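Comments concern the structure below.
Worth saying up front: this structure is predicted, and the values here are computed from it rather than measured.
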Amino acid sequence: MYIFNITTNISEEIEKDWILWMNQTFIPAMLATKKFSKALMTQVEVDEEMGGITYSTQYFTDSKATLNAYFKEDQPKIIQKHTKFRGQYVDFNTTLKVISEQ
């Protein structure tokens, strides 16, 4: 199993609108690609020097091949289509390989 993680720092002024948009628009669009079995959104409990609030959204997938298919087939469309908050956040992506699950 692999997890595609997007960590996002969003300003407090737009946080509520962004969370609503994530839950109603962006996460459903990611799941609609059929590349991910579920999504989990968490708040990172850290004091950011630059301000804002940090979230981690994790998308679970069955294999590296499926994740690579998402990057090739779906990610460009997702990025192009979902521009509502572009320029109002800082984010970075990581790919996590699950080694064990208890």
Notebook entry, point to check: Among Val44, Ile10, Asp91, which residue meets the side-chain contact (heavy atoms from CB on, under 4.5 Å) test with Tyr55?
Noted result: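 Exactly one option meets the side-chain contact (heavy atoms from CB on, under 4.5 Å) with Tyr55, and it is Ile10.
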Report the distance from atom [atom1] of [X] to atom [atom2] of [Y], rounding to the nearest 0.5 Å.
| X | Y | atom1 | atom2 | answer |
| --- | --- | --- | --- | --- |
| Ile78 | Glu73 | CD1 | CD | 12.0 Å |
| Asn23 | Trp18 | CG | CH2 | 9.0 Å |
| Glu15 | Gln43 | CD | CD | 6.0 Å |
| Leu20 | Phe26 | CG | CZ | 15.0 Å |
| Glu12 | Lys16 | CD | NZ | 10.5 Å |
| Gln88 | Asp17 | CD | CG | 9.5 Å |

Between Ile79 and Arg86, does a side-chain contact (heavy atoms from CB on, under 4.5 Å) hold up when you go through it step by step? CA-CA 10 Å; Ile79 290 171; Arg86 190 164 292 152; 3.4 Å; yes
Short question: side chain of Thr25, backbone of Met22 - any donor-acceptor pair under 3.5 Å?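 Not confirmed, Thr25 side chain does not pair with Met22 backbone.
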Side-chain donor/acceptor of Lys35 to backbone N/O of Leu31, under 3.5 Å: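 The answer is no, because no donor-acceptor pair under 3.5 Å joins these two groups.
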Before we go on, tell me: are the rings of Phe71 and Phe4 under 6.0 Å apart, centre to centre?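 Ring centres of Phe4 and Phe71 closer than 6.0 Å.
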Inset, instruction - Indicate yes or no: at least one non-hydrogen side-chain atom of Thr8 is less than 4.5 angstrom from one of Val90. - result: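 A side-chain contact under 4.5 Å is absent here.
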| request: Evaluate the criterion side-chain contact (heavy atoms from CB on, under 4.5 Å) for residue pair Thr57 and Asn5; output intermediate values, then yes/no. | output: CA-CA 6 Å; Thr57 310; Asn5 178 74; over 6 Å; no
Here's one to test your reading of the geometry: is the NZ or CZ of Lys97 within 45 degrees of the ring axis of Tyr2 and under 6.0 Å from its centre?
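No, cation not above the ring by the 6.0 Å, 45° rule.
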Connected via hydrophobic side-chain network under 4.5 Å: Ile27 and Phe60:
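Looking at the clustering, Phe60 is in a separate group from Ile27.
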Met30 with Leu40, same ILVMFWY side-chain cluster at under 4.5 Å: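 In one cluster: no.
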- Item | Intermediate values then yes/no, side-chain contact (heavy atoms from CB on, under 4.5 Å), Phe92 and Thr94 | CA-CA 7 Å; Phe92 66 91; Thr94 50; 4.1 Å; yes
Aromatic plane relationship, Tyr70 with Phe36 - under 30° parallel, 30 to 60° tilted, over 60° perpendicular
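Correct class here is perpendicular.
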Exercise. Check the side chains of Asn93 and Thr95 for a donor-acceptor pair under 3.5 angstrom, ignoring hydrogens and angles.
Key: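 Thr95 vs Asn93: no donor-acceptor pair found between side chains.
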